[in-house]
J.: 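If you scroll down you'll find the structure; I have some questions about it.
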Amino acid sequence: MSQEISNLGEMEGEVYWPAPEVTAAAHVKEYEALYKQSLEDPEGFWAERAEELEWYEKWDEVLDDSDAPFFKWFVGGKTNIVHNALDRHLTTYRRNKLALIWIGEPGEHRTFSYFALNRNVSRFANVLKSMGVKKGDIVTIYLPRIPEQMFAMLACAKIGAAHSVVYGGFSVESLAERVEDAQSHVLITADGGWLRGKIVPLKDIADEAMARQPTIESCIVVRRTCQDVYMEPGRDYWYDDLVGLPIANTKCATEPMDAEDTLFVLYTSGTTGRPKGVVHTHGGYMVFTHTTLKYVFDIRDEDRWWCAADPGWITGHSYIVYGPLLLGATSFMYEGAPNYPYPNRWWQMIEKYGISILYTAPTAIRGLMRFGEAWPNRHDLSSLRLLGTVGEPINPEAWRWYHTVIGKERCPIMDTWWQTETGGFMITPLPITPLKPGSATRPFFGIEADVVDDDGQPVKEDEEGYLVIKTPWPGMLRTVYKDPDRYREQYWDKFETMYQTGDSARKDKDGYLWIIGRMDDVIKVSGYRLGTAEVESALVSHPDVSEAAAIGLPHELKGNAIHAYAILRDGLEGSDALAEELRNHVGHEIGPIAKPETITFVDTLPKTRSGKIMRRLLKARALGLPEGDISTLED
Ligand code: WTA
């Protein structure tokens with residue numbers, strides 16, 4: 001065993017020290033001094049990082065904080081993230097290096113060198129241009145996990161349009177409201193995607209969403225599952241047909257962009273109301289994803305990196321699409337479910353494709369762990385060098401299984417804490433960091449994180465408080481799309497000069513941060529971010545329901561599960577059949593991941609005198625915990 005569990009050092013608790021060979025080979029060999037330096041001169045630190053990338057024109061100012069909290073980075077600089085993710089590699093040996101290895105759930109594989117990826121992206125970009133897409137537009141992308149998803153995102157960025165990717169597991173209303181908010185004229189979708197041997201009917205869902213939100217003028221349909229789908233004349237076009245046209249040639253100039261121009265909008269659940277469009281930019285986001293991936297996962301040319309997320313979430317944006325390509329890395333992408341057709345699917349692919357880094361979510365680890373060690377043990381996993389997790393706190397039991405059974409006690413686990421809003425890793429180990437199972441350890445360079453009380457004062461060691469970030473960073477969201485007030489309110493109003501993450505955490509004696517969970521009405525279900533408000537509004541959109549409340553309760557596999565309470569319209573009675581119908585209704589509106597675990601029919605819901613549902617109280621009651629302060633409860 002090269003990593004020792006040690007209580008002999010000065011550190012508290014269960015600590016896994018990095019093996020000397022890991023430290024010796026790591027890109028960053030020392031944390032403390034560089035961290036200190038990065039906080040003393042963050043602008044200097046980030047300017048140096050930005051210089052590792054190419055700019056058409058250099059910036060005049062690294063950070064403009066004159067209009068805080070609307071921070072700007074690399075002001076005056078001109079670049080395009082696609083120039084750094086693709087164009088610049090084409091004049092080096094990387095031109096012929098694999099950018100992407102893709103495996104479909106049914107078993108087919110496709111590979112793309114940087115040269116081939118660039119041809120595909122340019123062709124897609126020309127198709128978009130021919131449909132009138134221009135700088136400043138937002139194109140909505142609703143695809144399964146297939147290479148075209150990457151092509152489409154990069155094609156938008158290349159011509160200066162922003163993308164709004166909607167996760168392929170979302171359904172009608174989720175897609176419709178995102179299309180509406182972005183006012184997209186072009187939608188890119190597919191006939192379907194494969195999941196557990198079944199077709200997810202993306203085009204049917206898209207048709208229903210387009211009927212609700214008629215802003216879409218052109219819909220590009222990628223052929224994937226090949227069943228018959230409805231194609232509306234004059235609106236729907238097969239991608240296969242479009243790329244055969246002369247306009248779809250494989251050369252397309254990359255549009256020079258201001259550092260602060262929007263790269264994408266990604267909708268995510270917040271405390272109240274509808275999902276909000278988190279805005280990220282070409283310059284700062286590029287520097288941040290490049291730096292974080294390089295330092296934390298120590299990406300090397302010979303690596304095969306597998307981020308097992310979906311490009312429809314921020315993890316996929318930053319660490320399937322942009323980060324790895326910026327580094328000229330080889331990425332692996334798999335379309336389907338981890339346990340299909342058998343629970344060894346992932347382990348078999350790691351062996352076959354020689355994956356060296358695996359980055360996934362605790363829920364996936366728990367899900368695979370339940371099938372037992374025999375499945376991974378049938379495979380040679382010795383190509384693995386590093387492991388990672390993201391999305392929710394990892395329970396120490398799952399951490400130890402991942403470390404022992406998958407990493408053979410050789411591979412350090414990078415437990416990365418971050419958010420859609422932060423663009424990239426914020427609190428995370430490096431390969432050289434002594435690890436404690438369940439802790440995301442210490443802040444990344446240039447990031448000042450702390451745990452504070454209601455007044456913004458740091459809490460004592462080991463006490464729970466609000467997790468905040470005290471200084472701006474280049475990958476931060478710039479605003480909420482079309483709603484700057486909401487940006488200010490949600491993230492900056494509570495502590496003024498500190499970014500409020502919405503998470504609670506504690507800090508131990510060694511300065512290690514332990515994330516506890518969301519303090520607001522966001523629920524992380526299997527690592528997916530959902531809001532109680534979305535589930536509630538889906539429920540009340542059913543004709544039988546007059547009021548609804550949703551809460552998250554702990555779940556062994558999913559981390560949290562959604563439980564709902566519904567008040568029915570006058571004269572109606574609850575039944576198992578109706579509960580099932582409501583669950584399916586939520587699935588149809590938002591997506592299968594949002595289906596409540598249980599639906600309880602009630603006559604009243606606990607509310608404050610001002611009419612707000614007291615979810616905290618529902619939760620306490622469901623868990624049999626003390627009800628706490630109920631002085632605001634109406635009679
Ligand atoms: C949670 C995902 C504990 C947290 C990248 C955060 C985590 C929310 C971790 C953001 C982690 C993410 N440990 N909790 N390593 N990583 N979270 O926007 O509650 O989908 O606020 O971004 O996930 O979810 P989002």
Side-chain angles (χ1 to χ4, degrees), residues 165 167 169-170 264-271 275-280 285 288-289 292-293 296-297 307-320 322-323 359-366 387-396 398-399 402 413-429 433 435-444 447 449 451 464 466-469 475-477 480 490-491 499-506 512-531 534 552 554 558-560 593-594:
V165 181
Y167 169 54
F170 275 135
F264 64 84
V265 176
L266 182 57
Y267 288 86
T268 191
S269 304
T271 299
K276 48 187 191 258
V278 166
V279 174
H280 283 290
Y285 175 83
F288 197 62
T289 49
T292 47
L293 186 59
V296 174
F297 283 99
C307 168
D310 190 285
W313 298 86
I314 192 67
T315 307
H317 279 59
S318 300
Y319 300 115
I320 294 178
Y322 291 110
Y359 181 46
T360 184
T363 191
I365 299 162
R366 288 193 296 265
L387 299 171
T389 77
V390 59
E392 51 176 326
I394 180 163
N395 46 312
W399 194 99
Y402 198 28
I413 299 176
M414 305 296 103
D415 178 351
T416 60
W417 176 89
W418 58 295
Q419 309 178 300
T420 306
E421 293 87 341
T422 70
F425 311 145
M426 298 291 282
I427 301 171
T428 174
T433 308
L435 302 172
K436 300 188 187 189
S439 169
T441 76
R442 308 271 307 270
F444 189 72
I447 306 297
V451 181
E464 181 173 350
Y466 299 89
L467 178 66
V468 294
I469 310 295
M476 67 195 304
L477 80 162
V480 171
Q490 175 119 26
Y491 304 105
Y499 167 86
Q500 189 197 352
T501 64
D503 279 7
S504 67
R506 62 185 177 82
Y512 274 43
L513 289 151
W514 299 76
I515 311 299
I516 297 166
R518 298 291 308 192
M519 292 180 112
D520 53 11
D521 294 322
V522 169
I523 311 178
K524 294 289 287 197
V525 183
S526 302
Y528 296 115
R529 179 164 164 180
L530 295 166
E534 290 144 71
K558 301 178 180 175
N560 296 286
I593 48 170

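When a ligand or atom number is given, it counts from 1 through the structure's own listing order.
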J.: Please work out which of the three classes, parallel, tilted or perpendicular, describes the rings of Tyr359 and Tyr319, given edges at 30° and 60°.
T.: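 Taking Tyr359 first and then Tyr319, their aromatic rings stand perpendicular (interplane angle over 60°).
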
J.: Could an N or O of ligand 1 be found under 3.5 Å from any N or O of Gly391, whether backbone or side chain?
T.: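 Checking ligand 1 against Gly391, an N or O pair does fall under 3.5 Å apart.
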
J.: For the residue pair Pro362 and Ile394, what are the closest heavy atoms and their distance?
T.: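 For Pro362 versus Ile394, the nearest heavy atoms are CG-CB, 3.8 Å.
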
J.: Check each atom of ligand 1 against the heavy atoms of Val390 and keep those under 4.0 Å away; list them by number with element.
T.: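 Listed by number with element, the hits are 5 (C), 16 (N).
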
J.: Could you give the distance from CH2 (Trp417) to OG1 (Thr501), rounded to the nearest 0.5 Å?
T.: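 It comes to 4.5 Å.
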
J.: For ligand 1, which atoms have a heavy atom of Ile515 less than 4.0 angstrom away?
T.: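 What qualifies from ligand 1 is 3 (C), 14 (N).
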
J.: Pull out every atom of ligand 1 sitting under 4.0 Å from any heavy atom of Asp415, numbered as shown with elements.
T.: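 In order of numbering, the contacting atoms are 11 (C), 13 (N), 15 (N).
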
J.: If you measure every N or O of Arg518 against every N or O of ligand 1, does any of those distances drop under 3.5 Å?
T.: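 So ligand 1 has an N or O lying under 3.5 Å from an N or O of Arg518.
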
J.: At under 4.0 Å between heavy atoms, which part of Ile314 makes contact with ligand 1: side chain, backbone, both or neither?
T.: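 The part of Ile314 near ligand 1 is the side chain, not the backbone.
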
J.: Classify the ring geometry of Phe264 against His280: parallel below 30°, tilted from 30° to 60°, perpendicular beyond 60°.
T.: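 Rings of Phe264 and His280: tilted, 30 to 60°.
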
J.: Nearest 0.5 angstrom please: Ile320 CD1 to Ile314 CD1, how far?
T.: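 Between atom CD1 of Ile320 and atom CD1 of Ile314 there are 11.5 Å.
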
J.: Start with the C-alpha distance between Asn560 and Arg518, add both sets of side-chain angles, then the distance that settles side chain to side chain donor-acceptor pair (under 3.5 Å), and finish with yes or no.
T.: CA-CA 11 Å; Asn560 296 286; Arg518 298 291 308 192; over 6 Å; no

J.: Of all the atoms in ligand 1, which lie at a distance below 4.0 Å from a heavy atom belonging to Thr315?
T.: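 Listed by number with element, the hits are 5 (C).
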
J.: For atom 8 (C) of ligand 1, which protein heavy atom lies nearest, and how many Å away is it?
T.: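 Closest protein heavy atom to atom 8 (C) of ligand 1: Lys524 NZ, 3.6 Å.
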
J.: Please say whether Asp503 places an N or O atom under 3.5 Å from an N or O atom belonging to ligand 1.
T.: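 Indeed, backbone or side chain, Asp503 has an N or O that close.
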
J.: Which of the atoms in ligand 1, numbered in the order shown and given with their element, are less than 4.0 Å from a heavy-atom of Pro393?
T.: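 Counting from 1, the qualifying ligand atoms are 3 (C), 13 (N), 14 (N).
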
J.: Taking the ring centre of each residue, are Phe297 and Phe425 less than 6.0 Å apart?
T.: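 Centroid separation for Phe297 and Phe425: below 6.0 Å.
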
J.: Please work out whether any backbone atom (N, CA, C, O) or any side-chain heavy atom from C-beta onward of Thr416 is under 4.0 Å from ligand 1, and answer side chain, backbone, both or neither.
T.: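 It is the backbone that touches ligand 1; the side chain stays farther off.
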
J.: Below 4.0 Å, non-hydrogen atoms only: which portion of Gln419 touches ligand 1? Side chain, backbone, both or neither.
T.: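 For Gln419, the contact with ligand 1 is made by both the backbone and the side chain.
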
J.: State whether the side chain of Ser318 and the backbone N or O of Gly423 hold a donor-acceptor pair below 3.5 Å, judged by distance alone.
T.: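 Here the side-chain-to-backbone pair exists.
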
J.: Below 30° counts as parallel, above 60° as perpendicular, anything between as tilted: where do the rings of Tyr167 and Trp313 land?
T.: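 Tilted: the ring planes of Tyr167 and Trp313 meet at 30° to 60°.
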
J.: Any heavy atom of Gly502 closer to ligand 1 than 4.0 angstrom?
T.: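 Contact check Gly502 vs ligand 1: negative.
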
J.: Look only at interatomic distance and state if Trp313 has a nitrogen or oxygen under 3.5 Å from any nitrogen or oxygen of ligand 1.
T.: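 In fact, backbone or side chain, Trp313 has no N or O that close.
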
